Amino acid sequence: MVLGVLLILSNSLFAAEPSSESIRAIRIWPAPDYTRVTVESDEPLQHRLILLRNPERLVLDLEDVDFPSVQQGFAGKVSSSDPYIGNLRVGRFKPGVVRVVLDLKTEVKPQIFTLAPIGEYGHRLVLDIYPIEPLDPLLALLQKPEPKMGQAFGKSADGESSEEPKGEARPNNKQSRSAKEPAGPVVNRLVTIVVDPGHGGEDPGARGRRGTREKHVTLTIARKLKSLIDVEPNMRALLTRDGDFLIPLEGRVEKARRVKADLFVSIHADAFVKPHVRGSSVFALSEH
Ligand SMILES: [Zn+2]
């Protein structure tokens, strides 16, 4: 009788103990356009993100995680040159909840999402920290010193549909690029091509039969084109927009003029009423 009661008691004690998930890895990739924080674990993480103003902070609560593994995972990961994260603290908020506080350098627009395990990666909780105003790639170029000749400019743009986080591909990109550089041809002039994805923001452009918006198609094509141009040692490509926002036509041309572009390519994906029609249309400015 007594033995039975004791058994039940110890069973319920065991069940009440929170199973805390150990963090596999934490990665932080700072970049001018956004900083990506990835928390990798064997099981999906219960989380909550809170944005606080004055001063700007992001609070990430992780439920039922092993506190030391979070603390060790974040230790020394924030770079002082990170454009968005100033400081990072990890604390025990309440039983079963580990709180990560990110002190921010500027106002941000965070995005949080999860990625299912793939290949060697486990469950990933991804926090992307974007600036409130999307970075103007052309303005950033003008503020930077001229790139060295013979060096590929910019980084390759990944497709948005890619499941792999962009940030995780960065180290490999760098490696293959720096390995390629010394063998590259000698270049004495850099050709600048401005790639202009048509439409954007409140101007969706044409609409496909299944509801595809032209503004999204043009951006995807423009990013692909840019990555193709950027691997050429004597070329660099710049996008007039690298996000879903509208730039008036004069603004697009002005951007091309400011960087003294050799070529301005505006991308459109027009819809047509007859589905059997194939091909592309080219518009050229005629001065006659
Ligand atoms: Zn169009």
Side-chain angles (χ1 to χ4, degrees), residues 31-34 109 111 113 128 130-144 147 152-167 169 173 190-232 234-288:
D33 40 357
Y34 66 95
K109 202 167 57 177
Q111 269 177 26
F113 57 94
D128 283 346
Y130 286 91
I132 289 274
E133 293 288 329
L135 199 79
D136 182 334
L138 290 185
L139 202 64
L141 172 85
L142 292 172
Q143 287 160 352
K144 255 188 238 163
F153 180 84
K155 59 178 197 287
S156 68
D158 305 27
E160 260 180 337
S161 57
S162 158
E163 201 194 344
E164 268 308 292
K166 289 181 205 169
N173 276 357
L190 195 62
V191 175
T192 302
I193 299 169
V194 169
V195 181
D196 174 47
H199 309 278
E202 57 266 45
D203 169 21
R207 185 189 266 267
R209 195 199 301 197
R210 291 193 196 89
T212 320
R213 300 295 184 90
E214 184 183 355
K215 63 175 184 177
H216 295 135
V217 176
T218 58
L219 182 57
T220 304
I221 295 171
R223 283 176 174 158
K224 283 211 175 110
L225 179 59
K226 175 178 159 48
S227 65
L228 288 174
I229 294 168
D230 281 342
V231 295
E232 295 297 323
N234 61 330
M235 290 183 186
R236 62 175 178 180
L238 299 152
L239 298 174
T240 53
R241 67 174 175 97
D242 194 5
D244 186 16
F245 49 91
L246 181 66
I247 307 165
L249 183 62
E250 322 81 78
R252 295 173 197 256
V253 176
E254 177 54 30
K255 284 181 175 207
R257 288 221 175 94
R258 260 158 48 200
V259 294
K260 299 187 174 70
D262 296 281
L263 190 64
F264 180 84
V265 184
S266 190
I267 294 173
H268 284 262
D270 300 335
F272 203 65
V273 285
K274 293 175 186 160
H276 62 271
V277 173
R278 290 283 178 275
S280 58
S281 46
V282 176
F283 293 88
L285 176 68
S286 164
E287 301 205 20
H288 301 285

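All of these numbers come straight from a predicted model, not from anything done at the bench. In listed order, ligands and their atoms are each counted from 1.
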Fill in: Side chain proximity check, I267 to L219, heavy atoms < 4.5 angstrom
no
Item to complete: Check whether any side-chain N or O of Q111 sits under 3.5 Å from a backbone N or O of D128 as a donor-acceptor pair, and report yes or no.
Response: no
Worksheet, complete the sentence: Heavy-atom closest pair (A269 atom, A206 atom, distance to 0.1 Å) is O-CB, 4.1 Å
Practice prompt. Could I get the full list of salt bridge (charged side-chain N to carboxylate O under 4.0 Å, His left out) partners for D262, not counting sequence neighbours?
Written response: R189
Worksheet entry | Polar side-chain atom of R252 near backbone of T240 as donor-acceptor pair, under 3.5 Å | no
Item to complete: Would you mind checking if D203 and K215 are paired as a salt bridge, meaning a charged N to carboxylate O distance below 4.0 Å?
Response: no
Item to complete: May I ask you to list the protein N, O or S atoms found at less than 2.8 Å from the Zn ion (ligand 1)?
Response: H199 NE2, E214 OE2, H268 ND1
